[in-house]
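Heads up: the structure comes next, in structure tokens.
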Amino acid sequence: LGFTEVLLSEIDGPLSNDARENLEVVRGSGQQLHSLIDDILDLSALESGELRLNRREVDVLSIAEEVVREAAITTQSKPLEVELCGESAVAWADPTRLRQIVGNVVGNAIKFTLEGRVQVRVEQRGRFAILIVSDTGPGIATEVQTAIFEEYRQAGDDASRRVGTGLGLAITRRLVKMHGGFIELSSDLGKGSTFTI
């Protein structure tokens with residue numbers, strides 16, 4: 001991935017269109033493999049009990065802002081608006097793992113929503129920090145809503161399934177539980193989905 005970035009920066013000279021296109025494919029495949037390896041390592045650490053949380057007070061809104069800012073870059077190729085709203089909400093959490101949780105849920109919403117809107121809302125409800133991610137995507141059928149939180153299970157059509165590993169939501173659910181929280185899904189086919197953490 002590092003060498004691909006160096007070549008794409010054209011430090012060593014200009015690239016032909018074919019070379020640039022081929023390097024983009026290499027970079028995309030490399031990033032997908034990197035993501036797969038990270039997911040498998042996280043799952044292994046979770047299953048073995050080796051994963052430990054380094055908790056401190058964290059503002060969920062500031063983490064959501066980072067994720068939404070990065071996500072906005074990835075959505076430039078489709079008619080999709082990603083918006084953040086809500087208020088500052090403090091959680092006693094591991095900031096790295098919290099960012100992974102937010103990134104997984106927002107990333108899924110963006111991946112499955114071809115057009116429309118993905119909204120990320122942060123609220124403080126008593127002692128809980130609440131994150132709500134809703135989208136205008138295709139929705140998730142009732143019969144697979146529980147299954148999407150299992151390892152290597154995905155919803156959606158074949159094209160969207162090939163993009164991911166089927167581990168993101170399984171890891172997210174485990175990380176949320178480790179923090180003493182919960183994750184809920186409500187969805188209607190053709191109307192979109194809402195994840196509440």
Original post:
If you round to the nearest 0.5 Å, how far is CD1 of Ile101 from CG of Leu175?
Top reply: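 Reported to 0.5 Å precision, the distance equals 5.0 Å.
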
Can you name the closest pair of heavy atoms from [X] and [Y] and give their distance?
| X | Y | value |
| --- | --- | --- |
| Gly168 | Asn104 | O-ND2, 3.3 Å |
| Leu98 | Ala93 | CD2-CB, 4.3 Å |
| Gln124 | Ala129 | NE2-N, 4.0 Å |

Quick one: salt bridge (charged side-chain N to carboxylate O under 4.0 Å, His left out) pairs with a partner in [range], sequence neighbours left out?
| range | value |
| --- | --- |
| residues 124-135 | Glu123-Arg125 |
| residues 176-197 | none |
| residues 60-75 | Glu66-Arg99, Glu70-Arg99 |

Among all residues two or more places apart in sequence or in another chain, which pass the side chain to side chain contact (heavy atoms under 4.5 Å, CB included) test with [X]?
| X | answer |
| --- | --- |
| Leu189 | Ala141 |
| Ala72 | none |
| Glu24 | Leu8, Arg20, Arg27 |
| Leu80 | Thr75, Lys78, Ile110, Thr113, Val118 |

Subject >> Residues clustered with Ile132, ILVMFWY side-chain links under 4.5 angstrom >> reply: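 Phe128, Ile130, listed by chain and number.
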
**OP:** Evaluate the criterion side chain to side chain donor-acceptor pair (under 3.5 Å) for residue pair Ser187 and Ser193; output intermediate values, then yes/no.
**Re:** CA-CA 4 Å; Ser187 185; Ser193 304; 2.8 Å; yes

Original post:
Between Arg174 and Val176, is any pair of side-chain heavy atoms under 4.5 Å apart?
Top reply: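 SC-SC contact between Arg174 and Val176 ruled out.
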
Original post:
Taking the side chain as C-beta and beyond, is there a heavy-atom pair between Thr196 and Ile183 under 4.5 Å?
Top reply: no

**OP:** Applying side chain to side chain donor-acceptor pair (under 3.5 Å), name anything that partners Thr136, two or more places apart in sequence or on another chain.
**Re:** none

Subject >> side chain to side chain donor-acceptor pair (under 3.5 Å) partners of Ser88, counting only residues at least two apart >> reply: Asp59

Subject >> Test salt bridge (charged side-chain N to carboxylate O under 4.0 Å, His left out) applied to Arg55 - qualifying residues, sequence neighbours left out >> reply: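 None.
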
**OP:** Could you pull out all residues at least two apart from Glu83 that satisfy salt bridge (charged side-chain N to carboxylate O under 4.0 Å, His left out)?
**Re:**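 Counting only residues at least two positions away or on another chain, Glu83 forms a salt bridge (charged side-chain N to carboxylate O under 4.0 Å, His left out) with Arg117.
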
Give a yes or no answer on whether the side chain of [X] reaches the backbone of [Y] with a donor-acceptor pair at less than 3.5 Å.
| X | Y | result |
| --- | --- | --- |
| Glu87 | Val122 | no |
| Glu57 | Ala91 | no |
| Asp94 | Asn54 | yes |

Original post:
Val120 pairs by side chain to side chain contact (heavy atoms under 4.5 Å, CB included) with which of Leu61, Val67, Leu84?
Top reply: Leu84

**OP:** Could you give me the CA-CA distance, side-chain angles and deciding distance for Asn108 and Phe195, then say whether side chain to side chain contact (heavy atoms under 4.5 Å, CB included) is met?
**Re:** CA-CA 10 Å; Asn108 273 359; Phe195 287 85; 5.8 Å; no

